[in-house]
There are 2 protein chains.
Amino acid sequence: MDKFELKLDQAARAAWMSYVGGLTQDEIAAQLGVSRPGVQRLLALARQEGMIKVHIDHPISTCMALGRTLEEHFGLAFCDVVPAASQGVESAAYYLGVAAAERIGRLVERNAPLTLSLGSGRSVRAAVEALDRTERPQHRFVSLVGNVARDGSANRYDAVMLLADKIGGQRFLLPAPVVAESLAEKNALLDQRLFRAIAEVAKASEAAFIGVGRIDRRATLFQDHFISESELEELLGLEAVGELLGWPLNSRGEVIDCSITRRVTSLPLEHFGKHLTVAIAGGNDKAPAIHAALRGGWLKGLITDEAAARRIVDQLPTT
Amino acid sequence: MDKFELKLDQAARAAWMSYVGGLTQDEIAAQLGVSRPGVQRLLALARQEGMIKVHIDHPISTCMALGRTLEEHFGLAFCDVVPAASQGVESAAYYLGVAAAERIGRLVERNAPLTLSLGSGRSVRAAVEALDRTERPQHRFVSLVGNVARDGSANRYDAVMLLADKIGGQRFLLPAPVVAESLAEKNALLDQRLFRAIAEVAKASEAAFIGVGRIDRRATLFQDHFISESELEELLGLEAVGELLGWPLNSRGEVIDCSITRRVTSLPLEHFGKHLTVAIAGGNDKAPAIHAALRGGWLKGLITDEAAARRIVDQLPTT
DNA sequence: TCATCAATCGAGCAAATGATCGTACGGAAG
DNA sequence: CTTCCGTACGATCATTTGCTCGATTGATGA
């Protein structure tokens with residue numbers, strides 16, 4: 001056992017004494033024969049290494065009720081609703097990420113090989129960041145959207161690399177922009193053998209965790225220059241309210257046919273009919289986009305927050 | 001939803017924000033619109049109601065190694081070793097109780113009807129106290145030792161009542177002292193229809209969680225006046241080192257035949273051959289008694305602490 | 001309607017925790 | 001063997017949490 005493993009062992013013991021035994025850091029220090037700040041560091045290490053699993057074993061009724069309503073109305077396999085965070089976009093993504101990590105964790109813990117696909121987005125990334133490490137080299141992870149921005153840099157919200165690092169599986173990335181410059185460029189990309197091979201892996205995946213994009217000036221598609229200002233206006237003019245994997249949707253959840261749609265390089269949404277397609281998205285501002293995705297019937301699972309869930313539920317026809 | 005349920009809901013939300021979201025109590029107070037001490041009270045309520053489940057997802061190597069050694073040497077289905085507590089008997093029982101509650105919880109969570117039997121003892125009681133509530137009215141819980149002390153009061157360490165309250169199952173208590181005043185009294189008790197009915201339920205149980213008693217002046221049998229001082233000396237003279245369900249054992253784990261043994265009203269240990277019989281006991285002083293029970297082959301599972309485990313392992317023949 | 005009692009609240013204080021900074025130690029390289 | 005760099009430690013300080021006590025509010029009974 002090397003030094004780091006000894007450290008982890010001691011951190012586990014300190015964590016056990018603190019969280020289970022209810023001892024103070026001073027008490028633990030006395031028993032382990034280290035200083036009080038040393039115990040503090042051991043506990044911090046235990047938290048950082050993801051050893052401490054906290055589960056709140058009591059449903060929050062309002063979140064549960066919202067989730068049940070959305071499951072029933074849209075025929076979802078599940079809908080997890082986390083408490084709303086009112087402190088900024090990062091912490092909202094973190095809450096969603098923790099809940100999503102629990103779902104992803106349950107899928108990847110099995111031994112039979114699994115092919116899992118990921119979209120992009122801040123919440124999808126947060127989910128992978130919140131996921132604990134494990135060793136399942138038999139699994140495969142594949143990107144559903146291109147991981148290259150228009151300037152050639154990697155997509156900042158792509159998480160397949162990190163997921164494969166954590167779980168040890170094979171990784172399949174799309175070296176392409178989500179929206180091509182032209183129809184010719186898109187066709188050239190789709191014709192590439194690498195592209196077709198990755199598309200086949202994606203089609204074979206059992207589950208997909210994806211974000212939901214909004215269509216406004218803060219949309220990633222616009223901010224990362226995949227579409228121009230005039231194209232944004234075109235989408236808004238066609239009443240686009242959101243996007244899934246780059247495909248723009250109107251409020252009924254229909255993919256809008258326009259010049260942008262023809263240049264999207266992602267696998268068409270129709271291919272995901274048999275997948276467990278799970279969206280990870282929340283926030284008041286995202287509610288219209290999430291609602292559209294639900295109405296379009298593209299989703300089998302949803303991980304959202306209270307703010308978005310409430311806003312969607314408020315707009316459902318009453319029965 | 002009544003006021004207490006609203007309170008529990010709010011406590012769950014505060015707990016989620018604190019333990020999962022990592023927010024401070026001031027931050028939670030701002031979001032929930034209550035005072036900071038109010039949040040502190042909500043978190044205290046959440047802890048008191050057992051909503052917060054903490055699991056340390058990393059083994060402590062020394063505990064694990066001791067457990068594996070004892071499993072292999074004595075052919076146990078499992079051996080859980082918790083870190084030693086050095087702060088007094090109550091906290092040692094608490095550590096053992098938490099680990100045992102996890103095992104009991106896994107058994108009772110199933111839906112198929114289960115019959116579970118319990119011995120008595122401080123650690124058995126601590127296990128039931130640490131167990132979370134659930135609703136399984138189809139289960140049955142039965143006492144393995146009489147729940148009546150010599151003066152007619154209820155056994156202070158009997159936990160079947162509490163267990164049945166928490167899980168909602170049927171309860172079968174033995175209205176008898178663990179050691180009768182005389183052989184005639186014992187025979188009269190065993191002849192009672194109620195007694196025989198409860199004994200049949202106990203025989204039908206799949207698992208039994210029992211304590212291990214010591215034989216010295218601090219033994220419960222002596223302190224609660226089931227045996228006299230001269231009888232204690234008799235047991236010590238016969239080299240009794242421990243007891244299971246009132247049955248005294250020598251260091252080889254054999255039940256000692258003597259005047260006390262003939263008056264014990266519990267089900268004889270031979271009846272438990274096919275049960276998952278799990279002892280919950282720890283502490284340096286209990287090590288000889290636990291070791292005797294192991295050598296006698298009476299146990300299929302053990303939940304102990306590091307101090308006891310190390311002392312037993314140190315006495316095993318080396319190979 | 002008023003008085004009393006119980007429950008809950010928040011201010012404030014003590015205890016516990018989280019983090020920073022200066023120092024020391026160990027290992028590696030020259 | 002010496003020097004330098006990186007890591008870890010403990011003292012100390014700032015922040016957070018746990019708890020107590022006095023005050024307030026609400027409910028119940030006369």
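Labels below follow one simple rule: chain letters A, B, ... track the order of the sequence lines, proteins then strands, and each chain is numbered from 1.
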- Does anyone know the first and last nucleotide of DNA chain D in reach of chain B, 5' to 3', at under 4.0 angstrom to a heavy atom?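 Reading along DNA chain D, I get dT16(D) to dC19(D).
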Show the distances under 3.5 angstrom between N or O atoms of the protein and N or O atoms of nucleotides 15-22 of chain C.
unit_1	atom_1	unit_2	atom_2	d
dT17(C)	OP2	Gln25(A)	N	2.7
dG18(C)	OP2	Gln25(A)	NE2	2.9
dG18(C)	N7	Arg36(A)	NH1	3.1
dG18(C)	O6	Arg36(A)	NH2	2.7

Test of understanding: with salt bridge (charged side-chain N to carboxylate O under 4.0 Å, His left out), list the residues that count as partners of [X], not counting sequence neighbours.
| X | result |
| --- | --- |
| Glu306(B) | Arg13(A), Arg310(B) |
| Asp26(B) | none |
| Glu71(B) | Arg68(B) |
| Glu129(A) | Arg125(A) |

- Which pairs count as salt bridge (Lys or Arg N to Asp or Glu O under 4.0 Å) when at least one residue sits in residues 95-105 of chain B, sequence neighbours excluded?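 Qualifying pairs, neighbours excluded: Asp80(B)-Arg103(B), Glu102(B)-Arg106(B).
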- Of all residues at least two apart in sequence or in a different chain, which pass the side chain to side chain contact (heavy atoms under 4.5 Å, CB included) check with Asp285(A)?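 Asp285(A) satisfies side chain to side chain contact (heavy atoms under 4.5 Å, CB included) with Arg214(A), Arg218(A) only.
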- Message: Please list all pairs meeting ring-ring contact (aromatic ring centres under 6.0 Å, His included) that have one or both residues in residues 21-49 of chain B, counting only residues at least two apart or in different chains.
- Response: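 Residue pairs with at least one partner in residues 21-49 of chain B: there are none.
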